[in-house]
Amino acid sequence: MPTVILLDLSLSMTRPIVSGDNDFQRKHLAIQGVSTLLDYLAAHNRLEFTALVAFSSLWELVVPFTRDYKELKEGLNRMDDYDKTCIETGLAGVSQIVMDEWGVGLPCQVIVVTDGSPGVGKGSLKESLERFYSLQHRHEDLSTEGDEFPLPFPFPSKLHLVCLATPPEVQGVLGQLQRLVDMNGGAGGVHLPEGELNMATCQALFSKLAETQFPAVAWTLKCGHMSSEVQAVPIVETFKKMYDFGPVVREPSLEMEILGFLDSKDIASPAVISRHLVLPKPTKTEKEVSEGGGAASGEGDGDTVEHDGKAPSFCVLLHGSLKVESMVALVQLGESWYGFLYSWADSKKKSNLMLSVLEPGDDAVSWLGKISQLGPVASSPHNPYGEDDTMSPYPVRHADKRSYAQNTTVWIKPSGLQTDVQKILRNARKLPDKQQTFYKELNRLRKAALSFGFVDLLEGMSAMLERECTLLPGTAHPDAALQLTHAAKELRLAINKDYDDNIAPLQTHFSKSDND
C-alpha cells in the first residue's frame, strides 16, 4: 500500500541533543531514521509508492508519490526549519494528497515523525481535540463550522506517530497522540525509542517499525512437484470481517498451492477483496540494494549476485503458460480461503502475473459451486466443453460481447479529439489506397459525435475535407477528389440520419476498374 511520511519541521525539532562527543538536533535524528526506513523499503517494498510531506503551521508536499528512493532522500536533505507545530494541519494535507492521487478505495500507511511537542495556542493538539469533542458533544457537524477535522481519514489507513523523545518528555502528550490513532480507527500506534535518545536508538526504532509494518513475506508457490519462492505486492493482509453469526478471521499461510486450472471465460469477473502483483523472490539483499542506489541499480558483485532476470523460476513458467492458454490457476491461500492467478496486461507488450484474493468461504464464486468439490475434466463421462469448445459447464454466457468491453471513443482531453481528426486527414491524403481505413475512421468519429451531441464537429470535419480536396496535388488520383467531396457532403447530411447509417464509399468507374 502507498506510504506517506509526514515530517515535523517546527522549531522544536531543532532542539539539541548531546550524545557523547556529538551534538545532534532532533531534526537530524528524524532525517537519519527516515533514511533507514527508506533503505528498507527500497529493498523489500520497492514497487510501492512513497510520498514525503513536511508540516509546521502549514504543510508542503516535498516529494510526490514515487518509487525513486534517491529522490526521497534528496528531499530530506533540502528541508528548512519553520514555525510552530500543528499536527491537524499536517494530517489535513495528507488527506488531500492521498485523495487527489488515489481516492477513497486504496489503503495507505501514514507515518508522522515528530518530537511529541503538541504546539501552543490556536492549532495546537490540545486545542484541536477540545474543539473536536465540544462540537461532537453538541451534535454539530464540523464541516458546518468550516473547520472539518481530518480524522478519521476518508480512505482505509494505518496511522503511526513516531515521537523522537524519551517517555518522561512526552508523558503528558501520549494520551492525546493515542487519541488521534483511536479517532482514525485504532490501526497503527504511537512509537517511542527504547532507552536514551541518540542516533542508534532512533535507527533501531525505524527499523523495528519497518519490519513490523512492511514485512518481507515470501510465499511458496506450489504445483505438484514444482515450486518457486514468490512475493505478493502489496502483501496479503489478514482478513477480518463481522458477519451475522460472528466475526471471521483468516490468516494467510506462507504456501500458495495451485488446486487446478480454469478457463478465463469460466471464472468471468467475480468479486474480490484485493489484487496483488506476484513476482519471483528477489535475490538481492537490503544492503546490496541500498549501496547500489535503490531499486534502479542493477550492478552486483560479479558471480556473488545472481540477477533476477537470469534465475530460472516456476513463477515465470506459470505466467507464460496462463497467458498463452488464456486460463487462470485456482490457488488456496489458507483454510477455506482461495484466490486465482492470471496474466494481466497493462499494455500491448507488457504483462504481469496477478493474484486476485476471494472472500473466504467455499462458495466465494457462486456459479462455480463449492470450490472444494471441483474436479478434473477427465473424470466427467463426456467433455463438458463440447467437441469444439463452444460450451461451458458453468452458467456463464461466453458469446455475448458486453458494451463496456468494446473499444469506445473517449474525448476527455483535446489531444484525444485532435488525434482522431489527424488520423482521418492522414488517410484522406492517401486516397484511394487508404479508402477502407478512411471511411472506417470517419464513421467512428461520426458515431461518437452523434452520441455526444457534438454536431458542430461534423460541420467542421466536412469543411476540413473540402479544404483537403482543394489542396490535392496535380498528380493525385482522380478518385481522391471524388471521395473527399462525397464524404464531406454525406457528413453534413449525417446529422439527420440514423445513428447506424454508415457513410459508404462512392462507387465510381475508377474504383470499379481497380476492382476489375
J.: Between CG of Leu7 and OG1 of Thr114, what distance do you get to the nearest 0.5 Å?
T.: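 Answer for the CG-OG1 pair, Leu7 versus Thr114, is 8.5 Å.
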J.: Please test Glu211 against Tyr40 for side chain to side chain contact (heavy atoms under 4.5 Å, CB included), starting from the C-alpha separation and ending with a verdict.
T.: CA-CA 8 Å; Glu211 292 172 358; Tyr40 182 92; 3.9 Å; yes
J.: Please find out if less than 6.0 Å separates the ring center of Phe153 from that of Phe155.
T.: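 Under 6.0 Å, so yes.
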J.: Do Glu251 and Thr238 have side-chain atoms, one donor and one acceptor, less than 3.5 Å apart?
T.: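 Looking only at side-chain atoms, Thr238 and Glu251 do form a donor-acceptor pair, the distance falling under 3.5 Å.
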J.: What distance do Asp80 atom CG and Leu9 atom CG have between them, rounded to the nearest 0.5 Å?
T.: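 If I round to the nearest 0.5 Å, the distance is 8.0 Å.
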J.: Answer with yes or no after comparing the ring centroid distance for Tyr338 and Phe340 against a 6.0 Å cut-off, counting only values under it.
T.: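 No, they do not, as the ring centres are separated by 6.0 Å or more.
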J.: I'd like to check Met99 versus Gln96 (side-chain heavy atoms, cut-off strictly below 4.5 Å). Are they in contact?
T.: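 No, side chains not in contact.
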J.: Hey, is the main chain of Ser12 close enough, under 3.5 Å, to the side chain of Arg15 for a donor-acceptor pair?
T.: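 Confirmed, Arg15 side chain pairs with Ser12 backbone.
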J.: Assess whether a salt bridge exists between Asp115 and Lys27, defined as any Lys/Arg side-chain N lying under 4.0 Å from an Asp/Glu carboxylate O.
T.: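 Judged by the 4.0 Å cut-off on N to carboxylate O distance, Asp115 and Lys27 do not form a salt bridge.
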J.: Inspect the contact between Arg250 and Glu359 and indicate whether a charged nitrogen and a carboxylate oxygen are less than 4.0 angstrom apart.
T.: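 Salt bridge absent between Glu359 and Arg250.
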J.: Ignoring hydrogens and angles, tell me if any N or O in the side chain of Gln332 forms a donor-acceptor pair with the backbone of Gly334 under 3.5 Å.
T.: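 Yes: the side chain of Gln332 pairs with the backbone of Gly334.
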J.: State, with a plain yes or no, whether a side-chain heavy atom of Pro2 is found less than 4.5 Å away from one of Thr50.
T.: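 Side chain of Pro2 against side chain of Thr50, heavy atoms only: no contact under 4.5 Å found.
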J.: Heavy atoms, side chains only, cut-off 4.5 Å: are Val278 and Leu355 in contact?
T.: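 With C-beta onward as the side chain, the pair touches.
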J.: Of all the heavy-atom pairs spanning Ser57 and Cys86, show the shortest one and how long it is.
T.: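 Looks like CA-CB, 4.0 Å.
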J.: Scan side-chain atoms only and decide if His276 and Ser274 contain a donor-acceptor pair under the 3.5 Å cut-off.
T.: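 The criterion, which ignores hydrogens and geometry beyond distance, is satisfied for Ser274 and His276.
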J.: Any chance you could lay out the side chain to side chain contact (heavy atoms under 4.5 Å, CB included) test for Leu29 and Leu197, step after step, and finish with the verdict?
T.: CA-CA 9 Å; Leu29 298 180; Leu197 190 61; 3.8 Å; yes
J.: How about Asn184 and Leu180: do any of their side-chain heavy atoms sit closer than 4.5 Å?
T.: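 A side-chain contact under 4.5 Å is absent here.
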J.: Once you round to the nearest 0.5 Å, how far does CG of Leu161 lie from CD of Gln176?
T.: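 Interatomic distance, Leu161 CG to Gln176 CD, rounded to 0.5 Å: 12.0 Å.
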J.: Please work out which of the three classes, parallel, tilted or perpendicular, describes the rings of Phe454 and Trp411, given edges at 30° and 60°.
T.: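 The rings of Trp411 and Phe454 stand perpendicular, inter-plane angle above 60°.
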J.: Kindly compute the distance separating CH2 (Trp344) from CG (Asn352), expressed to the nearest 0.5 Å.
T.: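 The distance works out to 7.0 Å.
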J.: Could you tell me how the ring of His191 sits relative to the ring of His160: parallel (under 30°), tilted (30 to 60°) or perpendicular (over 60°)?
T.: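 It falls in the tilted class, 30° to 60°.
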J.: Does any N or O in the side chain of Ser228 come within less than 3.5 Å of the main-chain N or O of Ser313, such that one atom is a donor and the other an acceptor?
T.: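 Looks like no, no N/O pair under 3.5 Å.
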J.: Evaluate Asp39 against Thr36 for side-chain hydrogen bond (donor to acceptor under 3.5 Å, both in side chains), listing each step before the verdict.
T.: CA-CA 5 Å; Asp39 288 338; Thr36 302; 5.6 Å; no
J.: For the pair Trp102 (side chain) and Cys108 (backbone), establish whether a donor and an acceptor sit closer than 3.5 Å, ignoring hydrogens and angles.
T.: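 No; zero donor-acceptor contacts below 3.5 Å.
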J.: Does some side-chain heavy atom of Val53 sit less than 4.5 Å from a side-chain heavy atom of Trp59?
T.: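 Trp59 reaches Val53 side chain to side chain.
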J.: Does a donor on one side chain and an acceptor on the other come within less than 3.5 Å for Tyr342 and Ser264?
T.: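 Not at all, the side chains of Tyr342 and Ser264 share no donor-acceptor pair under 3.5 Å.
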J.: Hey, which of Leu322, Val230, Val328, Leu330 is the one that makes side-chain contact (heavy atoms from CB on, under 4.5 Å) with Leu341?
T.: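 Among Leu322, Val230, Val328, Leu330, the one that satisfies the side-chain contact (heavy atoms from CB on, under 4.5 Å) with Leu341 is Leu322.
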J.: Would you call Pro234 and Glu48 a side-chain contact if the rule is heavy atoms closer than 4.5 Å?
T.: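 Yes. Closest side-chain heavy atoms under 4.5 Å.
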J.: So do the side chains of Leu457 and Leu445 get within less than 4.5 Å of each other, counting heavy atoms only?
T.: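 Of all side-chain heavy-atom pairs linking Leu445 with Leu457, at least one is under 4.5 Å.
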J.: Let's go through Ser10 and Asp83 carefully: what are the C-alpha distance in whole Å and the side-chain angles of both, what is the deciding distance for side chain to side chain contact (heavy atoms under 4.5 Å, CB included) to 0.1 Å, and is it a yes or a no?
T.: CA-CA 5 Å; Ser10 61; Asp83 49 5; over 6 Å; no
J.: Counting C-beta onward and ignoring hydrogens, is there a side-chain heavy-atom pair between Ile258 and Lys222 closer than 4.5 Å?
T.: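 Result no, sub-4.5 Å side-chain heavy-atom pair not found.
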J.: Just verifying a value: how many Å separate Glu237 CD and Lys158 NZ, rounded to the nearest 0.5 Å?
T.: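 Going from the CD atom of Glu237 to the NZ atom of Lys158 covers 4.5 Å.
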J.: Taking atom NZ of Lys265 and atom OG of Ser326, what is their separation to the nearest 0.5 Å?
T.: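 Rounded to the nearest 0.5 Å, the NZ-OG separation comes to 8.0 Å.
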J.: Examine distances only and state if a side-chain atom of Asn77 and a backbone atom of Lys73 form a donor-acceptor pair shorter than 3.5 Å.
T.: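 Yes: the side chain of Asn77 pairs with the backbone of Lys73.
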J.: Under the 3.5 angstrom rule, does the side chain of Glu169 hit a backbone N or O of Thr166 as a donor-acceptor pair?
T.: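 Yes.
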J.: What's the verdict on side chain to side chain contact (heavy atoms under 4.5 Å, CB included) for Thr3 and Leu37, showing C-alpha distance, side-chain angles and the deciding distance?
T.: CA-CA 11 Å; Thr3 302; Leu37 175 64; 5.7 Å; no
J.: Within the 3.5 Å criterion, strictly below it, is a donor on Ser336 or Asp362 matched to an acceptor on the partner's side chain?
T.: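 No - no donor-acceptor pair under 3.5 Å links their side chains.
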